[in-house]
Amino acid sequence: MNGPSMNGSGMSTPVLRVEKLRKSFGDEIVLQDITFSVPEHTATVFIGASGSGKSTLLRCINLLEQVDDGTIKLDGEDISAADVNPDEVRKKLGMVFQAFNLFPHMTVLENIILAPTRVQGIREEEAIAEAFKLLERFGLRDKADQYPDRLSGGQQQRVAIIRSLARNPRLLLLDEITSALDPVLVNEVLSTVRDLKGEGMTMVLATHEMGFAKQVANEVCFLHQGKILEWGPPEVILENPKLSETREFIKRVHDAGRL
Amino acid sequence: MSDNRGRGTGDNSGSAPYDFGGAWQPSEIEVARRIARKKRNRKNALIAALSSLLVLGTLLVVLVTSPGWITLRDTFFKWAYGFEVLPKIILGFGTNATLTLIAGTSVALLGLLIALIRTSRSPALTPFRFLATIYVDVFRGIPMLLVILLVGFGIPALQLKGVTNNVLILGTIAVIITYSAYVAEVIRSGILTVHPSQRAAARSLGLSHIQTLRHVVLPQALKRVTPPLLNDLVALIKDTGLISILGVTDAIRAAQIQTAKSFNYTPYVMAALVFLAVTIPLTRMTDRMLRNSLERQNAQGQA
């Protein structure tokens with residue numbers, strides 16, 4: 001019982017290792033016995049119904065939530081230990097939210113350079129140059145001086161991705177980043193993530209987009225009632241799952257037209 | 001008839017070449033609509049004018065024909081005398097203006113500090129949080145006039161060494177104490193309206209608690225509470241007049257001195273006009289800011 005990504009994935013330390021994580025809110029157990037690893041340059045995708053604990057899991061990894069039990073290791077270092085400074089850990093993590101969460105009172109550029117200048121102490125000119133490079137790469141250069149409310153949802157989400165990339169994170173956490181988007185805007189965001197994957201970014205994703213999961217995932221984990229019920233390569237989990245719960249979930253998503 | 005939706009060519013689909021260049025002329029329908037709208041607007045303006053004339057005219061007639069009107073006019077609206085004493089009242093208003101400036105700045109800082117303490121979660125600040133809550137409860141609950149009297153007459157009565165007996169300074173302190181309690185609550189409510197997801201986003205970017213407050217939470221909170229704060233500023237300008245009770249010569253006190261000499265109340269009316277000259281533009285400005293911020297918020301929903 002080693003959990004996902006422990007079979008033959010080499011000797012090197014995984015970027016992320018979660019072991020026997022447990023989280024509850026009051027009496028409600030949201031996550032239990034969550035164990036998995038994410039090796040460098042791979043993407044692990046969590047699928048599961050709303051309320052299955054996907055978002056909570058990502059928030060726990062980011063230390064936005066305190067776990068009840070278990071450990072979380074980032075590059076072998078236990079970040080769930082009591083004496084860890086969350087601010088230091090978060091410098092190595094990038095997180096993108098379902099609702100974008102851009103800062104509405106700042107322009108796109110200001111959103112992007114806030115953390116590099118304030119947290120990492122990079123000189124402003126340098127941070128701006130770096131931000132423009134990223135904006136250029138993702139086709140948003142002309143939006144640099146706009147405020148977020150002037151952008152489409154897809155553009156806002158891409159800015160949010162750039163904002164988290166500007167700090168060169170070790171690991172990117174993507175929490176249902178297309179769920180709040182118009183169907184026609186989903187693709188631009190997904191292709192951005194595919195590009196990142198191609199460049200070797202290590203990621204953990206929660207998503208409802210099965211087709212996308214198949215494209216980027218090295219491993220898919222099916223979360224059901226707070227547990228990882230089934231895991232494996234995307235072809236297996238998405239097309240030929242063993243458990244009836246997984247089959248049922250895939251079928252429901254399929255019927256909703258999201259495959 | 002056949003089902004001729006669309007272009008009426010009998011065929012259910014069609015296309016027209018895009019024409020972006022040509023000069024646009026309003027269609028007949030649009031021209032007719034515009035004429036109808038203009039007509040309606042003229043009619044509305046006429047109704048508004050007539051109704052205003054009727055209401056204001058009635059009020060004026062009632063006032064002028066009332067038995068005491070002549071006496072009232074001579075004691076409250078003796079304009080020649082009013083303009084004679086106006087310079088003294090304006091001079092007195094200088095005290096109100098200075099006090100507003102000093103108290104306003106101090107209130108902004110103290111109010112912000114108290115709001116920050118009350119919204120903090122740091123265990124080290126627990127006693128301050130407790131004290132701040134008591135402070136706000138007490139000073140929002142006491143009439144300001146009482147605070148002014150207690151501070152203005154009470155502190156000199158203590159005969160403490162090194163503590164001022166200057167009623168102007170003591171009065172200002174009383175105003176600051178009271179208004180800070182109000183302003184702290186306005187700012188606190190602004191801080192609480194910033195959605196938790198903004199904090200989460202800032203923290204997940206690695207910003208510390210203080211950095212999150214300074215760069216993400218406060219700018220949004222203060223922008224939101226600017227209209228109500230301006231409202232409080234207008235109230236502050238008026239309430240500075242209350243310290244005249246301590247004998248400070250402000251606009252109200254200056255007017256009072258004049259009425260005591262002449263037994264004519266026109267100086268009070270002049271003082272009211274001086275206050276209005278400052279507060280009405282400020283109120284208009286507040287309204288405009290509120291409207292703009294509402295428009296911005298509504299525009300956001302369409303993004």
Side-chain angles (χ1 to χ4, degrees), chain A residues 55 58-59 61-65 85-106 110-121 146-156 159-160 163-169 171-175 180 182 185, chain B residues 112 115-116 119-125 186-230 289-303:
Chain A
S55 292
L58 294 184
R59 289 174 68 89
I61 297 171
N62 205 2
L63 308 185
L64 286 171
E65 302 286 350
N85 177 358
D87 293 340
E88 290 302 314
V89 172
R90 293 190 192 116
K91 284 180 189 171
K92 301 175 201 153
L93 299 170
M95 175 125 178
V96 183
F97 299 85
Q98 182 176 341
F100 330 139
N101 298 3
L102 292 177
F103 305 130
H105 60 296
M106 297 182 186
E110 287 164 351
N111 261 282
I112 296 171
I113 64 169
L114 177 68
T117 53
R118 299 294 166 179
V119 179
Q120 290 164 317
Q146 301 264 356
Y147 283 89
D149 61 358
R150 292 271 156 224
L151 305 184
S152 75
Q155 289 167 340
Q156 289 189 48
V159 171
R163 183 173 71 174
S164 64
L165 286 177
R167 303 151 48 242
N168 294 316
L171 176 71
L172 202 54
L173 307 168
L174 306 172
D175 186 8
D182 228 288
L185 300 177
Chain B
L112 180 63
L116 286 178
T119 50
S120 74
R121 271 168 248 157
S122 150
L125 289 176
V186 173
I187 296 178
R188 187 170 78 101
S189 74
I191 291 174
L192 294 179
T193 60
V194 176
H195 198 271
S197 65
Q198 288 284 311
R199 255 176 229 267
R203 295 311 294 274
S204 68
L205 284 172
L207 270 72
S208 69
H209 178 69
I210 303 279
Q211 286 174 324
T212 301
L213 259 181
R214 169 151 174 244
H215 298 292
V216 175
V217 177
L218 275 183
Q220 294 184 62
L222 292 179
K223 206 167 153 190
R224 264 173 233 185
V225 296
T226 302
L229 285 181
L230 277 176
M289 280 187 77
L290 189 64
R291 202 166 48 237
N292 289 346
S293 83
L294 277 177
E295 267 164 22
R296 258 198 313 278
Q297 260 171 39
N298 293 342
Q300 261 176 32
Q302 295 158 5

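By convention in this document, chain letters (A, B, ...) are assigned in the order of the sequence lines, proteins followed by strands, and residues within each chain are numbered from 1.
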When the 4.5 angstrom heavy-atom criterion is applied to Leu102(A) and chain B, the contacting part is backbone
Chain B heavy atoms under 4.5 Å from Arg118(A): which part of the residue, side chain, backbone, both or neither? both
Does any non-hydrogen side-chain atom of Arg203(B) lie less than 4.5 Å from one of Pro86(A)? no
Does any heavy atom of chain B fall under 4.5 Å from the side chain of Leu64(A), the backbone, both, or neither of them? side chain
For Gly206(B) against Arg167(A), the heavy-atom pair lying closest together: N-NH2, 4.3 Å
Check each atom of Gln198(B) against the heavy atoms of chain A and say whether the ones under 4.5 Å are side chain, backbone, both or neither. both
With chain B, which of Glu110(A), Arg163(A), His105(A) has the greatest number of heavy-atom pairs at distances under 4.5 Å? His105(A)
Measure distances from Arg214(B) to the heavy atoms of chain A and classify the residue's part below 4.5 Å as side chain, backbone, both or neither. side chain
Looking at Ala115(A), is its backbone amide N or carbonyl O close enough to the side chain of His215(B) to form a donor-acceptor pair, meaning the two atoms are under 3.5 Å apart? no
Using a cut-off of under 4.5 Å on heavy-atom pairs, state which of Ala202(B), Ser208(B), Ala201(B) scores highest against chain A. Ala201(B)
Heavy-atom nearest pair, Val119(A) first then Leu205(B), reads CG2-O, 4.0 Å
Looking at Leu207(B) and Asp87(A), what are the two nearest heavy atoms and their distance? O-OD1, 3.7 Å
Is the closest side-chain heavy-atom distance between Ser204(B) and Phe97(A) below 4.5 Å? yes
